[in-house]
Amino acid sequence: MTTKRPSARERLLDAADRLFYAEGVHTVGIDRLIEEAGVAKGSLFYNFSGKDDLVAAYLAGRDERRRARIARHTEGLTDPVEKLLAIFDALHEAVTSPGWNGCAFANASAEAAPDSVEAVAQRTYRVWFSDLLLELATEAGYADPAGVAGRLRLIYDGAVASSRIDAHPAAALVAKDLARLVLEAAPRT
């Protein structure tokens, strides 16, 4: 039985995902990506308009996987407070996975210009994530849902940073405990 070889686009995206995440968007060049993907240079430009387009596709894939992971952890839950806490379980899954190297969006945009594809991807994800927290905090009936969502986002961001900078994967579980305290203490309408 023969298995179908992934398309050049798929191989380029796979190589970009591995290399960009492990080594950085700005340090990995086109020639290295092409070599790693095992494609001809023309395949890159047939599938993507250039490196920025490939970076945008890489980050869109990371965004999609992160959203799917959160959805998996909140699936079947009806209580919005439990959904908010489950987001930290999704984070724990991410930070304890092999090869965890921090937030792909923050890593990619660290040296990027404010209007770059990296910065746009980061803003897109952040808006979605902020809206999710606000929606769930509102649904839970908190008197100040924006304040609750902001506190949870800050705790989440701290756990992401600590898990990477301090090599502390349990930071996500500590963050979940802190989030629970915030949710218990916040007044409801």
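Just so you know, residue 1 is the first one in the sequence shown, and it goes up from there.
Remark: of the listed residues F129, Y125, W128, Y125 is the sole one forming a ring-ring contact (aromatic ring centres under 6.0 Å, His included) with F105. Shown are V81, I87, L152; of these, the side-chain contact (heavy atoms from CB on, under 4.5 Å) with L136 is made only by I87.
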Name each donor-acceptor pair under 3.5 Å that joins a side chain in residues 182-189 to protein atoms two or more places apart or in another chain, with its distance.
unit_1: R188; atom_1: NE; unit_2: A140; atom_2: O; d: 3.2
unit_1: T189; atom_1: OG1; unit_2: G141; atom_2: O; d: 3.2

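Grouping the Ile, Leu, Val, Met, Phe, Trp and Tyr side chains by contacts below 4.5 angstrom, directly or via other members, places F48 apart from Y46. One hydrophobic cluster, built from ILVMFWY side chains closer than 4.5 Å, holds both V28 and F45. There is no path of hydrophobic side-chain contacts, each under 4.5 Å, that joins L134 to Y156. In the hydrophobic clustering of ILVMFWY residues, with side-chain heavy atoms under 4.5 Å counting as a link, L154 and V148 come out apart. Follow the hydrophobic side-chain contacts under 4.5 Å out from V174 and you reach L85 in the same cluster.
I155 contributes atom CD1, which lies 5.5 Å from atom CG of L178 (distance to the nearest 0.5 angstrom). Rounding to the nearest 0.5 Å places CZ of F88 at 10.0 Å from CD1 of I70. Expressed to the nearest 0.5 Å, how far OG of S163 lies from CG of L91 amounts to 6.0 Å. Note that CZ of R11 is 13.5 Å distant from CG of L33, once rounded to the nearest 0.5 Å. In this structure, NE2 on H73 lies 9.5 Å from NE2 on H92, to the nearest 0.5 angstrom.
Here the side chain of S116 pairs no donor or acceptor atom with the backbone of A112 at under 3.5 angstrom. Checking side-chain atoms of T74 against main-chain N and O of A71 turns up a donor-acceptor pair under 3.5 Å. For the pair S97 (side chain) and W100 (backbone), a donor-acceptor distance under 3.5 Å is absent.
The two residues D53 and S49 make their nearest non-hydrogen contact at OD2-N, 3.0 Å. Across A22 and N101, no two heavy atoms sit closer than the pair O-ND2, 3.5 Å. Across all their heavy atoms, I34 and A40 have their closest contact at CG2-C, 4.1 Å. Shown here for G102 and N107, the closest heavy-atom pair between the two residues is C-ND2, 4.0 Å. Summarising the geometry of P169 relative to V95, their closest heavy-atom pair is O-CG2, 3.4 Å, with the distance given to 0.1 Å. Shown here for A137 and P145, the closest heavy-atom pair between the two residues is CB-O, 3.6 Å.
Applying the side chain to side chain donor-acceptor pair (under 3.5 Å) test to every pair with at least one member in residues 54-64, sequence neighbours left out, gives these pairs: D17-R62, D63-R67. Pairs engaging residues 25-49 under the salt bridge (Lys or Arg N to Asp or Glu O under 4.0 Å) rule: R18-E36, E23-R32, D31-K41 [sequence neighbours left out]. The salt bridge (Lys or Arg N to Asp or Glu O under 4.0 Å) contacts involving residues 75-90 comprise D89-K176, where partners must be two or more places apart or lie in separate chains. Evaluation of the salt bridge (Lys or Arg N to Asp or Glu O under 4.0 Å) test over residues 102-131, restricted to residues two or more places apart or in two chains, returns R126-D157. For residues 158-174, no pair satisfies salt bridge (Lys or Arg N to Asp or Glu O under 4.0 Å), with sequence neighbours left out.
With a 4.5 Å cut-off on side-chain heavy atoms, H168 and S162 count as touching. Two residues are said to be in side-chain contact when any heavy atoms from C-beta on lie closer than 4.5 Å; L84 and L133 meet this criterion. In this structure, L54 and L13 have side chains that are in contact, with non-hydrogen atoms separated by less than 4.5 Å.
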Checking side-chain contact (heavy atoms from CB on, under 4.5 Å) for the pair V39/L12: CA distance, chi angles, key distance, verdict?
-> CA-CA 8 Å; V39 300; L12 283 162; 3.7 Å; yes

